[in-house]
2 protein chains.
Amino acid sequence: MFKSVTLKEVAAKAGVSYQTVSKVINNKAKVSPETEKRIWDAIAELNYTPNYSGRSLRQQRSKTIGYTWEPSPPDQANPILDAFLQNMFRAAEEKGYYLLCFPFHADDARMLKVYAQLYDTGRVDGFVISRMNYGEPTVPYLLGRRIPFVGFGRLQDDDTSFPYVDVDGGAGIAQAMEHLVALGHRKIAALAWPSDSRVGNNRLEGYYRGLSKAGILHRPSLVVRGEGTSDVGFEATNYLLGLPEEIRPTAIVCMNDMMAIGAMQAIRQAGLQVGRDIGVTGFDDTPTARYLTPPLTSISQPISEIGENLTKRLIEFLETGIFPEPRCELVAPRLEVRESTSSYLPAGK
Amino acid sequence: MFKSVTLKEVAAKAGVSYQTVSKVINNKAKVSPETEKRIWDAIAELNYTPNYSGRSLRQQRSKTIGYTWEPSPPDQANPILDAFLQNMFRAAEEKGYYLLCFPFHADDARMLKVYAQLYDTGRVDGFVISRMNYGEPTVPYLLGRRIPFVGFGRLQDDDTSFPYVDVDGGAGIAQAMEHLVALGHRKIAALAWPSDSRVGNNRLEGYYRGLSKAGILHRPSLVVRGEGTSDVGFEATNYLLGLPEEIRPTAIVCMNDMMAIGAMQAIRQAGLQVGRDIGVTGFDDTPTARYLTPPLTSISQPISEIGENLTKRLIEFLETGIFPEPRCELVAPRLEVRESTSSYLPAGK
DNA sequence: ACTCGTTAAGCGAACGTTCGCCCTTGCCTA
DNA sequence: TAGGCAAGGGCGAACGTTCGCTTAACGAGT
């Protein structure tokens with residue numbers, strides 16, 4: 001910070017007191033039109049910009065929102081990060097807010113300390129948090145300290161203890177199931193996540209819902225659980241392909257695209273053709289999905305709207321003290337149908 | 001901001017003046033060990049955290065770095081964003097700095113206004129900029145206003161007018177060329193970017209260097225230019241495959257992974273096998289690359305080191321007023337060899 | 001002619017720091 | 001014994017705002 005025009009200089013030029021200039025800027029002023037014009041002219045001429053620290057010291061608010069997220073492993077891009085961030089700070093800027101990004105720490109205690117630090121020093125007015133595991137300590141901590149925040153995701157299906165926006169993963173998978181059933185599939189397997197994943201369970205629930213809606217009875221051997229990686233997808237699919245023919249699945253619903261990628265590899269290696277012989281669906285609609293061979297049917301989340309929505313709600317709260325209704329919102333994802341399912345030839349043999 | 005413990009409260013508890021507390025915290029103090037202990041105890045007991053606005057108002061610095069970037073199109077993930085950001089704010093935090101992210105605007109004038117605003121209000125002390133097109137107005141603007149910044153990338157090959165770190169794209173492509181030549185390729189094509197792309201030209205230069213090093217003479221028809229999309233890659237490859245056999249390429253070097261993906265599709269559609277019949281290389285080593293069929297040989301950039309490096313250099317400047325040498329740094333990318341080249345069978349017929 | 005209300009603008013204070021200078025005390029040295 | 005110096009700590013001021021209260025001037029109503 002080299003130069004810096006202050007209120008006083010503007011005031012001197014306009015021939016008024018500096019407090020009056022302040023009033024004009026925040027239009028809380030009863031000022032004659034002529035003086036007001038003089039002041040605005042002086043502001044323009046000197047190219048005055050209100051000092052952020054001064055302002056925020058006086059107002060006791062930083063007009064800044066904090067956000068951190070868990071870094072994705074090097075072999076896996078975060079498919080939503082860019083859009084999510086962009087939409088958050090775009091929405092924030094409209095209200096004069098900005099987004100402060102800070103490091104993620106795997107150690108919970110350390111992470112909480114960072115949250116506390118950022119808030120207690122007054123660097124941020126509130127947070128957006130997107131990490132929602134079962135034992136996640138951040139939510140109760142912020143809640144307990146009455147630190148404002150909104151969540152991308154929830155901790156329990158029927159959670160109402162804090163404001164959030166979440167994707168209805170179950171509804172997404174249910175859509176995929178409906179699609180598969182319509183194509184004629186009856187033996188549908190699921191590649192699921194470990195049962196300690198809330199998001200995973202939520203999505204899997206859509207699988208069960210899809211089965212019962214189609215009147216298909218559930219076979220436990222058709223649900224395989226594991227980490228959401230392509231390796232797990234690969235192994236699990238090999239297992240499924242080795243099942244006796246009468247229960248061997250003709251379609252595999254995966255809880256994310258990575259598993260679907262692994263599944264596709266396994267199917268191909270078994271000499272079968274993805275899509276035509278066995279349908280595969282993913283979840284996330286990673287940009288990669290459409291470039292796979294064949295292009296992968298997947299479920300895409302309305303990230304942009306969520307980012308904007310969350311930000312606006314948080315700011316609304318910061319300014320007024322009340323969260324706009326509904327406090328908790330569930331948005332539906334959309335099924336993107338591609339060749340990995342659409343090219344199915346039932347009873348191919 | 002609800003509660004807020006101040007210096008004065010700490011001072012009252014420790015029985016000293018509040019300025020003394022400040023001195024102890026910034027350890028500029030000549031204080032007896034006992035008083036110092038009393039002060040630290042009081043700080044711990046009250047859980048005091050220095051107020052950010054007060055501090056930054058007094059010191060006239062925000063300890064904040066600004067960063068914006070061009071959003072990537074929805075069908076394309078930004079492969080480096082996550083790692084780049086993470087490493088930037090991790091490095092920043094170590095020095096007590098944070099990263100402020102703000103919206104990108106395609107309109108240059110508007111974008112510059114945002115830069116100016118952020119700096120003039122004192123919200124940030126400096127910037128990291130990563131958008132480096134030929135006509136890029138940001139660099140000269142910041143330079144002219146003497147606003148501190150570092151660049152990820154440069155505007156000209158021999159640029160020294162501002163501090164930056166850049167990837168030596170030419171060296172990367174040259175590595176790929178060497179690899180292909182070693183496999184026995186002699187007819188090597190390049191899918192290049194429009195000639196108004198500095199980054200593209202820099203990379204392409206590595207292609208020419210590779211050719212001449214191997215003593216292969218350059219055929220203009222083997223260099224096809226276009227946007228770095230898979231569609232362009234697809235079309236361009238179809239054209240290449242239609243060339244008369246004596247000049248038809250046995251390997252295609254692409255300036256990014258997207259083009260390589262398109263190239264692979266075209267090759268496959270032509271009934272040829274990627275890797276065995278025609279080698280393909282990409283650039284960026286997107287996480288996708290290893291999951292393609294076959295896995296794509298690509299060039300990976302050391303993003304983490306760059307993010308950390310840039311941040312440290314900028315902060316160093318902000319604190320001392322001098323940029324650490326060397327002001328401009330070029331880092332070499334690394335070739336990741338995968339099946340899209342390694343399975344080549346020369347003279348397959 | 002006196003009060004009253006309105007309009008236009010000024011003034012002091014406060015937000016929480018840090019900075020530089022000054023004061024006091026005690027001790028050492030010439 | 002006067003002078004000096006170092007250690008330990010206090011004090012006023014300033015950074016740039018905004019907030020709430022006061023003041024001055026003026027016209028209208030009784």
Side-chain angles (χ1 to χ4, degrees), chain A residues 1-40 42-43 46-64 96 117 119-123 125 319, chain B residues 1-40 42-43 46-64 96 117 119-123 125 319:
Chain A
M1 294 175 15
F2 272 40
K3 68 128 210 185
S4 118
V5 185
T6 73
L7 275 185
K8 294 189 184 171
E9 304 177 39
V10 175
K13 184 157 206 109
V16 293
S17 79
Y18 67 93
Q19 293 96 330
T20 303
V21 179
S22 165
K23 286 183 187 164
V24 166
I25 288 175
N26 301 293
N27 54 21
K28 310 202 163 184
K30 339 175 222 178
V31 198
S32 71
E34 311 93 71
T35 355
E36 175 149 5
K37 176 164 179 357
R38 274 212 320 283
I39 293 180
W40 282 117
I43 288 176
L46 295 176
N47 205 352
Y48 168 76
T49 15
N51 178 277
Y52 167 69
S53 307
R55 193 171 250 191
S56 100
L57 173 60
R58 178 64 231 230
Q59 303 189 141
Q60 298 288 79
R61 24 210 254 95
S62 62
K63 293 227 177 190
T64 308
Q117 181 92 353
Y119 182 75
D120 289 339
T121 55
R123 242 183 196 277
D125 293 335
E319 310 249 287
Chain B
M1 291 175 18
F2 273 39
K3 68 129 211 184
S4 119
V5 184
T6 73
L7 275 184
K8 294 190 181 170
E9 305 177 38
V10 175
K13 183 154 205 116
V16 294
S17 78
Y18 67 93
Q19 292 96 333
T20 304
V21 178
S22 165
K23 286 182 186 165
V24 166
I25 288 175
N26 302 293
N27 54 21
K28 310 203 161 179
K30 342 174 219 174
V31 199
S32 71
E34 310 94 71
T35 346
E36 175 150 6
K37 177 167 180 348
R38 271 212 323 283
I39 293 180
W40 282 118
I43 289 176
L46 295 176
N47 205 352
Y48 168 75
T49 14
N51 178 278
Y52 167 69
S53 307
R55 191 171 254 188
S56 97
L57 174 60
R58 179 62 230 229
Q59 301 189 139
Q60 299 289 78
R61 24 208 256 95
S62 63
K63 293 228 178 189
T64 308
Q117 181 92 351
Y119 182 75
D120 290 339
T121 55
R123 243 184 195 276
D125 293 335
E319 311 250 286

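Every chain is numbered from 1, with letters handed out A, B, ... down the list of sequences.
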K.L.:
Please work out if B:Y18 contacts a base, only the sugar-phosphate, or nothing of the nucleic acid, heavy-atom cut-off 4.0 Å.
P.N.:
base
K.L.:
Of all the choices, D:dG9, D:dT18, C:dG16, which nucleotide is nearest to the side chain of B:K30 once you look at every atom?
P.N.:
D:dG9
K.L.:
Between C:dT17 atom C1' and B:Y52 atom OH, what is the distance in whole Å?
P.N.:
13 Å
K.L.:
Which pair of non-hydrogen atoms, one from A:D125 and one from A:Y119, has the smallest distance, and what is that distance?
P.N.:
O-CE1, 3.6 Å
K.L.:
Considering only side-chain heavy atoms of B:V16, which listed nucleotide, D:dT18, C:dC15, D:dG10, is closest?
P.N.:
D:dG10
K.L.:
Is there a side-chain contact between B:Y52 and A:T64 (heavy atoms, below 4.5 Å)?
P.N.:
no
K.L.:
Which one, C:dC19, C:dC11, D:dT17, comes nearest to the side chain of B:Q19?
P.N.:
C:dC19
K.L.:
Which part of the nucleic acid, if any, lies within contact of A:T6, taking any heavy atom under 4.0 Å across all strands shown: a base, the sugar-phosphate backbone alone, or nothing?
P.N.:
sugar-phosphate
K.L.:
Whether B:S17 contacts D:dG9 is assessed here as follows: a side-chain N or O lying under 4.0 Å from the phosphate OP1 or OP2. Is that the case?
P.N.:
no
K.L.:
From CD of A:Q60 over to P of D:dG16, roughly how many Å is that when rounded to an integer?
P.N.:
18 Å
K.L.:
Rounded to whole Å, how long is the line connecting atom CD of B:E34 with atom C1' of D:dG9?
P.N.:
13 Å
K.L.:
Let me know the distance between CG of A:L57 and C1' of D:dA14, rounded to the nearest Å.
P.N.:
12 Å
K.L.:
Between C:dC15 atom P and B:L7 atom CG, what is the distance in whole Å?
P.N.:
13 Å
K.L.:
Could you check how far CG of A:N51 sits from P of C:dC15, rounded to whole Å?
P.N.:
18 Å
K.L.:
Just wondering, do B:V24 and B:V16 contact through their side chains at under 4.5 Å, heavy atoms?
P.N.:
no
K.L.:
Would you mind classifying the nucleic acid contact of A:K28 as base, sugar-phosphate or nothing, using non-hydrogen atoms under 4.0 angstrom?
P.N.:
sugar-phosphate
K.L.:
Could you tell me the separation between the CZ atom of A:R55 and the OG atom of B:S53, rounded to the nearest 0.5 Å?
P.N.:
12.5 Å
K.L.:
Starting at OG1 of B:T35, measure out to CH2 of B:W40 and round the result to the nearest 0.5 Å.
P.N.:
13.5 Å
K.L.:
Would you indicate, yes or no, if C:dT18 has its OP1 or OP2 atom less than 4.0 angstrom from a side-chain nitrogen or oxygen of B:N26?
P.N.:
yes
K.L.:
For A:R55 and B:Q59, find the nucleotide of DNA chain D closest to each by heavy atoms; which residue's nucleotide sits nearer the 5' end?
P.N.:
B:Q59
K.L.:
B:I25 has an atom CD1; how far is it from atom C1' of C:dT18, in whole Å?
P.N.:
11 Å
K.L.:
Look at the side-chain N and O atoms of A:T20 and state whether any lies under 4.0 Å from the OP1 or OP2 oxygen of C:dG10.
P.N.:
yes
K.L.:
For A:T35, which contact category applies under a 4.0 Å heavy-atom criterion: base, sugar-phosphate, or nothing?
P.N.:
sugar-phosphate
K.L.:
Rounding to an integer number of Å, can you tell me how far A:K37 NZ sits from C:dA9 P?
P.N.:
15 Å
K.L.:
B:S32 near the nucleic acid: base, sugar-phosphate alone, or nothing, with a heavy-atom cut-off under 4.0 Å?
P.N.:
sugar-phosphate
K.L.:
Using the side-chain heavy atoms of B:K23, tell me which of these nucleotides is nearest: D:dT17, D:dG10, C:dT18.
P.N.:
D:dG10
K.L.:
Atom CD of A:Q19 and atom NZ of A:K23: how far apart are they, to the nearest 0.5 Å?
P.N.:
7.5 Å
K.L.:
A:R58 has a side chain; which of C:dC19, C:dG16, C:dA13 sits nearest to it?
P.N.:
C:dA13
